[in-house]
Amino acid sequence: MDRFRFELRGTWNGEPLRPEEYGRVELRLGDAIEVEIEATSYGDPPPPGPPGRLDGLWNYEVVELFLLGEGDRYLELELGPHGHSLALALEGRRRVVASDIPVDYRVERRGPRWHGHARLAIAWLPPDLCAANAYAIHGLGETRRYLAWSAVPGPAPDFHRIELFAPLRLARSDQRLGDFRTG
């Protein structure tokens, strides 16, 4: 089983985090894609509607994981502290090819932090996984903050700058773990 740990180290453009800002994403690849989140709870208002799949989750408090494979195919997984999630398969920057990806997701809040666990089919992992990045977003209006594991500097926060994702190395020899379903 391959394991990766992403500690959010700064803002999207590389500035230091505030002392209270924390986010960690752990990724395990085996029979499924499993993601564990631990992050500061900022008390942002929850999205409307019950927990579950939510388009536009990036507009709320959220932690995101992007996994990039060959041919600029990537998986975007968004997990929120109120039980909402979103998983998208993309081919090329921002070109969604699947948006109905089932995610088994549960979350619990413990004091100033929240913990989430997501699981989805390994077939959604892009073939020849080679790079990744993790992000968190919180705050409202002018206080909105964009955190990153690996900075993606530019004129504005853009988490789809796949050319700036940090390289990953799989331990297993068969790096074509899934067939990356596209619909």
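All of these numbers come straight from a predicted model, not from anything done at the bench.
By the salt bridge (charged side-chain N to carboxylate O under 4.0 Å, His left out) test, Arg113 is found to be paired with Glu38, residues two or more places apart in sequence or in another chain being considered. Glu36 is linked by a side-chain contact (heavy atoms from CB on, under 4.5 Å) to Glu26, Arg28, His117, counting only residues two or more places apart in sequence or in another chain. With sequence neighbours left out, the side-chain contact (heavy atoms from CB on, under 4.5 Å) criterion links Val103 to Leu77, Ser85, Ala87, Tyr105, Ala118. Residues that satisfy the ring-ring contact (aromatic ring centres under 6.0 Å, His included) test with Tyr60, not counting sequence neighbours, are absent from this structure. Qualifying salt bridge (charged side-chain N to carboxylate O under 4.0 Å, His left out) partners for Arg119, counting only residues two or more places apart in sequence or in other chains: Glu34. Taking the salt bridge (charged side-chain N to carboxylate O under 4.0 Å, His left out) definition, one finds that Arg109 meets it with nothing, sequence neighbours left out. When the side-chain contact (heavy atoms from CB on, under 4.5 Å) test is applied to Glu163, the partners found at least two apart in sequence or on another chain are Arg93, Arg161. Judged as a salt bridge (charged side-chain N to carboxylate O under 4.0 Å, His left out), and not counting sequence neighbours, the contacts of Arg145 are Glu21. A search for side chain to side chain donor-acceptor pair (under 3.5 Å) contacts involving Ser41 returns nothing, not counting sequence neighbours. Residues that satisfy the ring-ring contact (aromatic ring centres under 6.0 Å, His included) test with Phe165, not counting sequence neighbours, are Phe66. With sequence neighbours excluded, the residues satisfying side-chain contact (heavy atoms from CB on, under 4.5 Å) with Ala151 are Pro153.
Considering Leu90, Asp72, Leu68, Leu75 as possible partners of Pro126, the one that fulfils the side chain to side chain contact (heavy atoms under 4.5 Å, CB included) test is Leu75.
Note that the CD atom of Glu78 and the CG atom of Asn59 stand 9.0 Å from one another [nearest 0.5 Å]. For the atom pair CG (Leu17) and OG1 (Thr11), the distance works out to 7.0 Å, reported to the nearest 0.5 Å. The distance from the OG atom of Ser150 to the CH2 atom of Trp12 is 13.5 Å, given to the nearest 0.5 Å.
Hydrophobic clustering places Leu57 together with Val96 (ILVMFWY residues linked when any side-chain heavy atoms are closer than 4.5 Å, directly or through intermediates).
Across all non-hydrogen atoms, the minimal contact from Leu120 to Pro102 is CB-O, 3.5 Å. Across every non-hydrogen atom of Leu54 and Pro48, the tightest pair is CD1-O, 4.3 Å. Scanning all heavy atoms of the two residues, the minimum distance from Asp100 to Arg53 falls at CA-NE, 4.3 Å. Contact between Glu64 and Val62 at its shortest, heavy atoms only, is OE2-CG1, 3.8 Å. Closest heavy-atom contact between Tyr135 and Val152: OH-CG1, 3.6 Å.
Under the 3.5 Å distance criterion, the side-chain polar atoms of Thr40 are matched with a main-chain donor or acceptor of Tyr22. No donor-acceptor pair closer than 3.5 Å links the side chain of Arg73 to the backbone N or O of Gly69. A donor-acceptor distance shorter than 3.5 angstrom exists from the side chain of His84 to the backbone of Pro50, with no hydrogens or angles considered. Although no hydrogens or angles enter the test, the distance criterion places no donor-acceptor pair under 3.5 Å between the side chain of Tyr74 and the main chain of Leu88. The main-chain N or O of Gly139 is found under 3.5 Å from a side-chain atom of Asp44 such that the two form a donor-acceptor pair.
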Query raised in the report: Checking side-chain contact (heavy atoms from CB on, under 4.5 Å) for the pair Leu27/Leu67: CA distance, chi angles, key distance, verdict?
Result: CA-CA 10 Å; Leu27 169 66; Leu67 301 172; 3.6 Å; yes
Requested in this report: Report the C-alpha separation of Phe6 and Leu168 in whole Å, then their side-chain angles, then the decisive distance to 0.1 Å, and conclude whether the side-chain contact (heavy atoms from CB on, under 4.5 Å) test is met.
Outcome: CA-CA 11 Å; Phe6 309 91; Leu168 292 180; 4.2 Å; yes
Query raised in the report: Taking it one step at a time, do Asn133 and Leu164 satisfy side-chain contact (heavy atoms from CB on, under 4.5 Å)?
Result: CA-CA 9 Å; Asn133 212 343; Leu164 297 177; 6.0 Å; no
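Sorted by first and then second residue, the salt bridge (Lys or Arg N to Asp or Glu O under 4.0 Å) pairs involving residues 6-20 (not counting sequence neighbours) are Arg5-Glu7.
Asp104 has no carboxylate O lying under 4.0 Å from a charged side-chain N of Arg106, or vice versa, which leaves the two without a salt bridge.
Relative ring orientation between Phe159 and Tyr146 is described as perpendicular, the plane-to-plane angle rising above 60° on a 0-90° scale split at 30° and 60°.
Between Leu79 and Val107 the shortest side-chain heavy-atom distance does not fall below 4.5 Å. Between Phe4 and Leu29, some side-chain heavy-atom pair lies under the 4.5 Å cut-off.
Applying the 6.0 Å contact sphere to CG of Asp31 captures no more than 12 heavy atoms from other residues, nucleotides or ligands.
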